[in-house]
Amino acid sequence: MARGAAAEPGPGRGGGTAGGAGLLVTAGRLHGFDPAGAKPLWPSRPTLGVDTSWRRGTGGARGPVTAAGLVLHWSKADTLEAVDLRSGEARWARRLTGIAKVPPVVTGRTVHVASGDICTALRLADGTPLRTWSLPGIIDELASDASGRYGRVGTSEVRAYNSVDG
């Protein structure tokens, strides 16, 4: 799994590298570029931006969510998109119920997403829904670990759910 490093040049903007591609978010657009020469690798794509699509790291810096040569981001408030890091082509997009407020989380070959109070486990390779379940309350953060557990942090509590049976 590729890891992205990030810097935040300002509100709603962010940058980093993953899978040999530089990634930059500005004005609601995701840009892929060659880090060595800063030349665009592919045309920019619409994105909800750093706060919704990029995970928060140490010290509050944000980095892209990448896995298996893909960058995962919310292209619309209800649509998760997997973009090929090298070509910029959408490999898949999955429209979900509710509005996304947190970045997706990848565990192995599964992507966990939250939109509204609905959580969904998707197959990383093609976005096929594997399981959907409802969680009461506002989903503020997602987390997971190698055992496939899905974490949810609300305003005053932490809950963990098994992604297989909810």
Side-chain angles (χ1 to χ4, degrees), residues 1-6 12 14-35 40-57 62-135 139 141-152 161-166:
M1 178 159 97
R3 299 257 183 227
T17 60
L23 296 170
L24 179 67
V25 173
T26 59
R29 305 288 297 177
L30 174 64
H31 307 268
F33 63 93
D34 175 1
L41 290 176
W42 30 269
S44 66
R45 308 183 66 80
T47 187
L48 286 185
V50 175
D51 291 338
T52 307
S53 292
W54 289 25
R55 71 183 181 285
R56 185 182 314 272
R62 293 197 178 262
V65 177
T66 60
L70 303 170
V71 60
L72 300 155
H73 75 108
W74 293 101
S75 61
K76 297 178 184 171
D78 64 352
T79 304
L80 185 71
E81 184 177 57
V83 176
D84 185 285
L85 283 166
R86 294 184 192 263
S87 69
E89 295 178 23
R91 292 294 177 211
W92 55 262
R94 177 65 55 198
R95 188 168 182 212
L96 301 160
T97 305
I99 304 298
K101 295 186 185 217
V102 297
V105 175
V106 178
T107 304
R109 292 184 239 162
T110 304
V111 180
H112 301 281
V113 296
S115 55
D117 64 350
I118 303 295
C119 296
T120 305
L122 303 170
R123 184 179 303 131
L124 176 60
D126 59 12
T128 299
L130 302 172
R131 171 121 171 83
T132 299
W133 61 98
S134 178
L135 293 178
I139 300 167
E141 294 285 340
L142 296 179
S144 65
D145 63 23
S147 68
R149 303 291 279 173
Y150 165 85
R152 174 227 187 242
Y161 294 88
N162 185 304
S163 62
V164 175
D165 61 15

Contact summary for [X] and [Y], nearest pair of heavy atoms:
X	Y	result
Gly98	Asp78	O-CB, 3.5 Å
Leu70	Arg91	CD2-CG, 3.5 Å
Arg45	Gly88	NH1-O, 3.1 Å
Leu80	Pro104	CD1-CG, 3.8 Å
Ala77	Leu48	CA-CD1, 3.5 Å
Pro46	His73	O-CE1, 3.1 Å

Could you pull out all residues at least two apart from Arg29 that satisfy salt bridge (Lys or Arg N to Asp or Glu O under 4.0 Å)?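 Salt bridge (Lys or Arg N to Asp or Glu O under 4.0 Å) list for Arg29, sorted by chain: empty.
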Nearest 0.5 Å, please: how far is CG in Leu96 from CD1 in Ile118?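 Separation between the atoms: 10.0 Å.
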How long is the span from the CG atom in Leu122 to the OG1 atom in Thr128, to the nearest 0.5 Å?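 Separation between the atoms: 8.5 Å.
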Taking the side chain as everything from C-beta on, heavy atoms only, tell me whether [X] gets closer than 4.5 Å to [Y].
X	Y	value
Pro129	Arg94	yes
Trp42	Leu30	yes
Leu85	Leu23	yes
Leu124	Leu72	yes

Qualifying residue for side-chain contact (heavy atoms from CB on, under 4.5 Å) with His31, from Val25, Thr47, Leu24, Leu41: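 Of the listed options, the one satisfying the test is Leu24.
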Full working for side chain to side chain contact (heavy atoms under 4.5 Å, CB included) between Val106 and Val111: CA-CA 4 Å; Val106 178; Val111 180; 4.3 Å; yes
